[in-house]
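The structure appears right after this line, and notes come after that.
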Amino acid sequence: MAASDTPAPRQPAQVPPPVTPGLRGLLTLAVGVVVIAALYFGREVFIPLVLAILLSFVLAPVVGFLRRIHFGRVPSVIVAVLLALGIILGIGAVLGTQVASLAGNLPQYQATVQKKVSGLQEGVLGRANALLQRINHRVHDASQKASAAGTTAATPASGETPKAQLVRVQEPDPSPLTLAHNILGPIVEPLTTIGIVLVVVVFLLMQREDLRNRLIRLFGSSDLHRTTVAMDDAAGRLGTYFLAQLGMNAAFGMLIGLGLWFIGVPSPILWGVFSALMRFVPYIGAFISGLFPVALAAAVDPGWSMATWTAALFLIAEPLFGQVVEPLLYGHSTGLSPFAVIVSTLFWGFLWGPVGLILATPFTVCLVVLGRHVESLEFFDVLLGDRPPLTPVENFYQRMLAGDPDEARDIGEEMLKERSLSSYYDEVALKGLQLAANDYARGVVTPAQLENIKTSCQNLVEDFENRPDVEPAPEAKGSGPAAAPSLAERTHPKNEAVPGQAPPVEQRPAAWRTEAPVLCIAGRGSLDEAASTILAQLLRKHGLGARVAPHEAVSRGRVRDLDLSGVAMICISYLDITGSPAHLRYLLERLRQRSPDIPILVGLWPVGERVLTDAALGRELGADIYVSSLREGVEACLEAVRASPREPAVAA
């Protein structure tokens, strides 16, 4: 091969050292610390505000429904808020009655527990307790002896021991104001919080559009149309999701309440409401709420059957709702990664206590959904969401670089449920190979890693050899926030499959009736042969046989030996021709000298190559067709078959 066709050796580039955090990074860290401190010290202000925001999401569909039946804005908001207030006060009254009834029977429950404890003490627990008491007595005797010896040594010579003085502290009688504060304080404080929440909810629902416009101004004024659609979609999804989650937890509480009533546990409504609230705490909330009814059942029933049935109720109900009902209703998950759920629960629980545990998942879902729609908040989706943080192209390149075609195939199989094979190759595989070729040109990828990428890509293409290039059947998807694609996933459009197949062999022109009428030639780039292999596979899937020739086969010294028998069309693939395209022009001249009548197609896969838009430059280079995607390349070959003149039929 001539020297002009040999790629110039690349000198390994020096990878720059990691950049040290600058002023902007330190400022971001300082802002984060200030925000967390403000959330902690200002929790008395922020908790009602967050509760109001979440309640406004729940009531927004109700307000929308009332407005659709010709209620005005103000009446709709007032009716929705009064409905919420009535439900809250009704539940509070019922809970108060249940707690009072439970408190009146505490002596009876205490006696039952003492009997059970006495029974347990007579068995194995009693013997274990006796052993622990003997050990405790021995330790106590030893400590008394040591204390007596120390007291004797410290006694004065006179032998007199100072006498202890009895001090009595007598508190004054509480004043009427103090007594009223102690009695009314626990009642007035929750009512005050409820009042603040409802007032804020009214203003949020009344000025919903105005607040939306202000958020658009802050986060997306540069693209008003896209940001408006995104904010409306996010608000709709959040409202629907929170309403569904509230309904699901309420149904869970009703099931628990009915089950406890049937079992005979006292105050079943109290425990049903408590279970519904605790179910907002992910993973463990429902099971924690079951500890109190189980303990109460053990205190009520002289035996253990009631406690056993109560525990079985929670152990069956929670998996049933979490693994069966919820996926059918609004998808498999909240859209959060399991690690993010645990971290957010710990974070909000530390900041805001028990209220933070209940608000952790809904509030974090708000942040993730906003991160999926607002670019400046995307870091919330990356840190907390369950969607892949890398784009499909980056995932493909990373798996190829790691030499793991199996995981790359798993990712590809998931994408092929929503798009055709040609779309996957165009939008993911080729762009991933371009990243690898660019990194190799910069010296970041070593030759050994490049060979690994070639081998992995070849294995992946072989795995998809038997998969047709057709549009997949549509599948039903969840309607919750998890169904909203991330910003990383939205960067890759989905193209339709290449339409049509090549005509049957007997209906083709004579030049196209051979076993492999298309010759796919690799450019001189390091991964152009992989691109040619993919194009050849797609052509075969659409009825055109194709074979691949490496770039060395068309060099100056070997182009004379190139086998062009049975070839009706030549396709050349280039992942990158940055700089002067002279080498492409010389390659086309050599091929024209060998086969002046065979049409030549050049695939320039990187988007934006000047030859794709400059007709004069295209004519100067000498190819017949220029395409920028595999889909266009396959369509051009199919069109060439149909457009080729057919030989007249021979008379009998």
Side-chain angles (χ1 to χ4, degrees), residues 51 54-55 58 87-88 91-92 94-95 98-99 102 241-300 304 306-350 352-366 384 386 478 480-482:
L51 286 173
L54 296 180
L55 185 58
V58 173
I87 293 174
I88 293 173
I91 293 176
V94 173
L95 292 183
Q98 296 271 298
V99 171
L102 192 63
Y241 168 71
F242 287 143
L243 194 60
Q245 190 184 44
L246 182 62
M248 179 64 60
N249 292 351
F252 178 80
M254 292 179 61
L255 177 63
I256 294 297
L258 290 174
L260 294 178
W261 172 79
F262 182 78
I263 294 171
V265 178
S267 304
I269 299 178
L270 171 65
W271 305 121
V273 174
F274 181 65
S275 300
L277 292 176
M278 286 300 296
R279 200 171 182 276
F280 283 101
V281 180
Y283 299 130
I284 60 174
F287 295 108
I288 292 177
S289 67
L291 297 178
F292 298 96
V294 170
L296 181 59
V300 172
W304 295 99
M306 183 179 292
T308 303
W309 282 109
T310 303
L313 174 64
F314 281 89
L315 292 176
I316 294 174
E318 170 56 23
L320 177 65
F321 270 74
Q323 305 300 325
V324 179
V325 180
E326 280 185 0
L328 293 176
L329 183 62
Y330 56 86
H332 272 282
S333 71
T334 59
L336 308 179
S337 67
F339 178 75
V341 170
I342 297 298
V343 171
S344 64
T345 302
L346 294 175
F347 176 78
W348 293 109
F350 168 76
W352 292 350
V355 177
L357 292 177
I358 297 175
L359 295 178
T361 300
F363 192 55
T364 309
V365 168
C366 282
L384 304 175
D386 61 352

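Values below: every heavy atom of this structure, side chains too, minus hydrogens, waters and symmetry copies.
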Shortest non-hydrogen contact from [X] to [Y]?
{"X": "Pro266", "Y": "Leu296", "value": "O-CD2, 3.6 Å"}
{"X": "Ser289", "Y": "Phe274", "value": "CA-CE2, 3.6 Å"}
{"X": "Ser344", "Y": "Ala360", "value": "O-CB, 3.7 Å"}
{"X": "Ile256", "Y": "Ala317", "value": "CD1-CB, 4.1 Å"}
{"X": "Gly253", "Y": "Ala276", "value": "CA-CB, 4.1 Å"}
{"X": "Met306", "Y": "Ala297", "value": "CG-CB, 3.5 Å"}

Practice item. Report the distance from atom CG of Leu277 to atom CG of Asn249, rounding to the nearest 0.5 Å. Key: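 The CG atom of Leu277 sits 8.5 Å away from the CG atom of Asn249.
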Point to revise | Rounded distance [0.5 Å steps], CZ in Phe292 versus CG in Leu270 | key: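 Separation between the atoms: 10.5 Å.
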Got a sec, which residues hit side-chain contact (heavy atoms from CB on, under 4.5 Å) with [X], two or more places apart in sequence or on another chain?
{"X": "Ile316", "answer": "none"}
{"X": "Leu246", "answer": "Val58, Phe280"}
{"X": "Ile91", "answer": "Ile87, Leu95, Val273"}
{"X": "Ile288", "answer": "Met278, Ile284"}

**Study point:** Leu313 vs Leu260, side-chain contact (heavy atoms from CB on, under 4.5 Å): CA-CA, chis, key distance, verdict
**Key:** CA-CA 8 Å; Leu313 174 64; Leu260 294 178; 4.0 Å; yes
Point to revise | Trp352 and Trp348 aromatic ring geometry - parallel, tilted or perpendicular at 30°/60° bounds | key: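 Geometry flag for Trp352 against Trp348: tilted rings.
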Review point. Tell me the side-chain hydrogen bond (donor to acceptor under 3.5 Å, both in side chains) pairs involving residues 308-319, sequence neighbours left out?
Key: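 side-chain hydrogen bond (donor to acceptor under 3.5 Å, both in side chains) check on residues 308-319 returns Arg279-Glu318.
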Review point. Tell me the ring-ring contact (aromatic ring centres under 6.0 Å, His included) pairs involving residues 245-268, sequence neighbours left out?
Key: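 Those involving residues 245-268 are Phe252-Phe321.
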Check your understanding: Would you say the ring centroid of Phe314 lies under 6.0 angstrom from that of Phe287?
Key ->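 No.
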**Study point:** side-chain contact (heavy atoms from CB on, under 4.5 Å) evaluation trace for Ile342 with Leu346
**Key:** CA-CA 6 Å; Ile342 297 298; Leu346 294 175; 4.2 Å; yes
